[in-house]
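Values reported hereafter were calculated over all heavy atoms of this structure, with side chains retained and with hydrogens, waters and symmetry mates removed. Proteins come first, then strands; the chains are lettered A, B, ... in the order of their sequence lines, and each starts at number 1.
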Protein chains: 2
Amino acid sequence: MLATVAPIVARSRPLPPQALQGTAPTGTVPANVLEPLRAMAVTMRMDRDAEIVAQGDPAGYCYLLMGGCARTVKLMEDGRRQVGEFLLAGDLFGWEALEEHDFGVEAVTDVTLLRYPRSAIEALADRDRDFARKLRALTAGQVRAGRERVVLLGRKTARERIASFLIEMAGRIRGGGTMIGLPMSRTDMADYLGLTIETVCRGLTQLRTRGVIAVERSKIVILDRRALGIASCEAVH
Amino acid sequence: MLATVAPIVARSRPLPPQALQGTAPTGTVPANVLEPLRAMAVTMRMDRDAEIVAQGDPAGYCYLLMGGCARTVKLMEDGRRQVGEFLLAGDLFGWEALEEHDFGVEAVTDVTLLRYPRSAIEALADRDRDFARKLRALTAGQVRAGRERVVLLGRKTARERIASFLIEMAGRIRGGGTMIGLPMSRTDMADYLGLTIETVCRGLTQLRTRGVIAVERSKIVILDRRALGIASCEAVH
DNA sequence: CGATTGGTTGACCGAGATCAATGGACGTGG
DNA sequence: CCACGTCCATTGATCTCGGTCAACCAATCG
């Protein structure tokens, strides 16, 4: 319900093009695919931990992340939490909703995003063949990513999940070399990987003591990419 | 590679319309959405346990299940197996592939399916607005189902997974009332739920001794739908 | 500087995996 | 028609990975 925070800034216009960089595999919008809808978009800036979409919100809009990081979350009534995915710049969320958003979206860092009416996306897909094609490619990628996550959560051990996560993030966070600045907390990582925070810590520690990575708070350096790949069961891919 | 079995029968034509019934949530093709492509389709009949698509096969075709049940599987090199989804009549597989199919597909029972060139699907989506719309709805459903699976595998207990599975199958297998004729083995169930076969057995036994279900080999009767919902954490939906 | 928050480590416990045996349904051949 | 073998489901015994509970530490913030 966009309650506490959520200052909607203004109709969009400029915004530097490099804001669309970053990420890769998930639901990344190739370039300025949504450019034709710029006029329909509302730019939003949200503070860290703000709720962008509440689980169960009527699904009138979808969201394109321009900068920062967000998480999609499902909360079970007994408090168990599952992070569905992390959204980075260029990622689109919510166009596939039915009546309501089945996951909430929360800002992991301060974020900038564009909000589009879902109906506009659908209408554009109807009249713009090229856009429709890109949208199909986009969701096909989401389906594939979802399957990969099913394997991770269904069959991989805690260590393998953590190693896989680091590899995924190293690929998505463009920012030079082997250093990854993880935007999310250990709790978020744990809820993404179906683990507890303690297990995530221990897994990172183990990788560190084995010389595979260096850890300093949220900065992680991959020292031995090959070993990390082995630890993640990379051959599965 | 369609190696051992896989007798491709003939160009398609008739086939009773009720063959398209069944299932509901996943990637079900609403009705005869692919009807315009009938001429491009090849009908295949495969025996139980035949490999329809091998993991890693070049992704030239996609498949519409007409009858029977199939499973999508990912095999890790150390033998761990994950079933991605069960396909029932009306379910479409493979149009979202990239270069290769990242999951294999195997027949759970004897199956009948139609094979379409992926390029034909793409071309039809390009020229037929209505089909494109249905294809989007279809994949949106797949994305949502994938997320539900992530919650199941990431946060639910063994008992909850099993109860959720029974509810899912009760909804998908149209066949009158509360009796479910599960087409798949306990092993398949376990690999779908990220469990072992023993845990699946014990979970079913527990539900049985509590009077929630009756079990007789692959026939399962839901005696107390409400209790089953509670056991599955249904409120999450 | 305390106080709060998030990360790390240790001790212990339990859900589910592993190992092993048994049972029941079905198919084949005598 | 029955004996036997195979396959699969079920149940029991034990082990282990990861969860739980708890303490501690380091960074950030008033």
Qualifying residues under side-chain hydrogen bond (donor to acceptor under 3.5 Å, both in side chains), relative to [X], sequence neighbours excluded:
X	answer
A:Arg161	none
A:Glu96	B:Arg147
A:Thr157	A:Glu160

Take atom CZ of A:Arg48 and atom P of C:dT5, then tell me their distance rounded to the nearest Å.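 Going from A:Arg48 (CZ) to C:dT5 (P), I get 12 Å.
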How long is the line joining CD1 of B:Ile197 and P of C:dT18, in whole Å?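 It is 12 Å, rounded to the nearest whole Å.
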Test salt bridge (Lys or Arg N to Asp or Glu O under 4.0 Å) applied to A:Arg149 - qualifying residues, sequence neighbours left out: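 Listed in chain order: nothing, the list is empty.
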List for me each residue that meets salt bridge (Lys or Arg N to Asp or Glu O under 4.0 Å) alongside B:Arg186, sequence neighbours excluded, and say none if there are none.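 For B:Arg186 there are no salt bridge (Lys or Arg N to Asp or Glu O under 4.0 Å) partners, ignoring immediate neighbours.
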Nucleotide range of DNA chain D lying under 4.0 Å from chain B heavy atoms: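 Range of nucleotides within reach of chain B: D:dA9 to D:dA13.
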Any donor and acceptor pair, going by atom type alone, linking the side chain of [X] with main-chain N or O of [Y] inside 3.5 Å?
X	Y	answer
B:His101	B:Tyr61	yes
B:Thr109	B:Cys69	yes
A:Asp91	A:Phe93	no
A:Thr72	A:Glu85	yes
A:Thr139	A:Gln142	no

N/O donor-acceptor pairs under 3.5 Å from side chains in residues 189-198 of chain B, not counting sequence neighbours:
unit_1: B:Asp191; atom_1: OD1; unit_2: A:Arg155; atom_2: NH2; d: 2.8
unit_1: B:Asp191; atom_1: OD2; unit_2: B:Arg81; atom_2: NE; d: 2.6
unit_1: B:Asp191; atom_1: OD2; unit_2: B:Arg81; atom_2: NH2; d: 3.0
unit_1: B:Tyr192; atom_1: OH; unit_2: B:Glu168; atom_2: OE1; d: 2.9
unit_1: B:Tyr192; atom_1: OH; unit_2: B:Glu168; atom_2: OE2; d: 3.2
unit_1: B:Thr196; atom_1: OG1; unit_2: B:Thr199; atom_2: N; d: 3.3
unit_1: B:Thr196; atom_1: OG1; unit_2: B:Thr199; atom_2: OG1; d: 3.0

Do any side-chain atoms of residues 206-223 of chain B form donor-acceptor pairs under 3.5 angstrom with protein atoms, and if so which ones, sequence neighbours left out?
unit_1: B:Gln206; atom_1: OE1; unit_2: B:Arg159; atom_2: NH1; d: 3.0
unit_1: B:Thr209; atom_1: OG1; unit_2: B:Thr205; atom_2: O; d: 3.2
unit_1: B:Thr209; atom_1: OG1; unit_2: B:Gln206; atom_2: O; d: 3.0

Please tabulate, one pair per line, each protein N/O and nucleotide N/O from nucleotides 15-17 of chain C that are separated by under 3.5 Å, including the distance.
unit_1: C:dG16; atom_1: OP1; unit_2: B:Ala158; atom_2: N; d: 2.8
unit_1: C:dG16; atom_1: OP2; unit_2: B:Arg159; atom_2: NH2; d: 3.4
unit_1: C:dA17; atom_1: OP2; unit_2: B:Thr196; atom_2: N; d: 3.4
unit_1: C:dA17; atom_1: OP2; unit_2: B:Thr196; atom_2: OG1; d: 3.0
unit_1: C:dA17; atom_1: OP2; unit_2: B:Thr199; atom_2: OG1; d: 2.3

Enter the inter-axis angle for the ends of the helix from C:dC1-D:dG30 to C:dG30-D:dC1 (five pairs per end, rounded to 10°).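 Taking five pairs per end, the axes differ by 30°.
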Enumerate the residue pairs fulfilling ring pair (Phe, Tyr, Trp, His ring centres under 6.0 Å) with a member in residues 65-84 of chain B, sequence neighbours excluded, ordered by first and then second residue.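 Every candidate ring pair (Phe, Tyr, Trp, His ring centres under 6.0 Å) pair involving residues 65-84 of chain B fails, so no pair, neighbours aside, qualifies.
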In residues 204-216 of chain A, which residues come under 4.0 Å of DNA chain D by heavy atom?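 Residues of residues 204-216 of chain A under 4.0 Å from DNA chain D: none.
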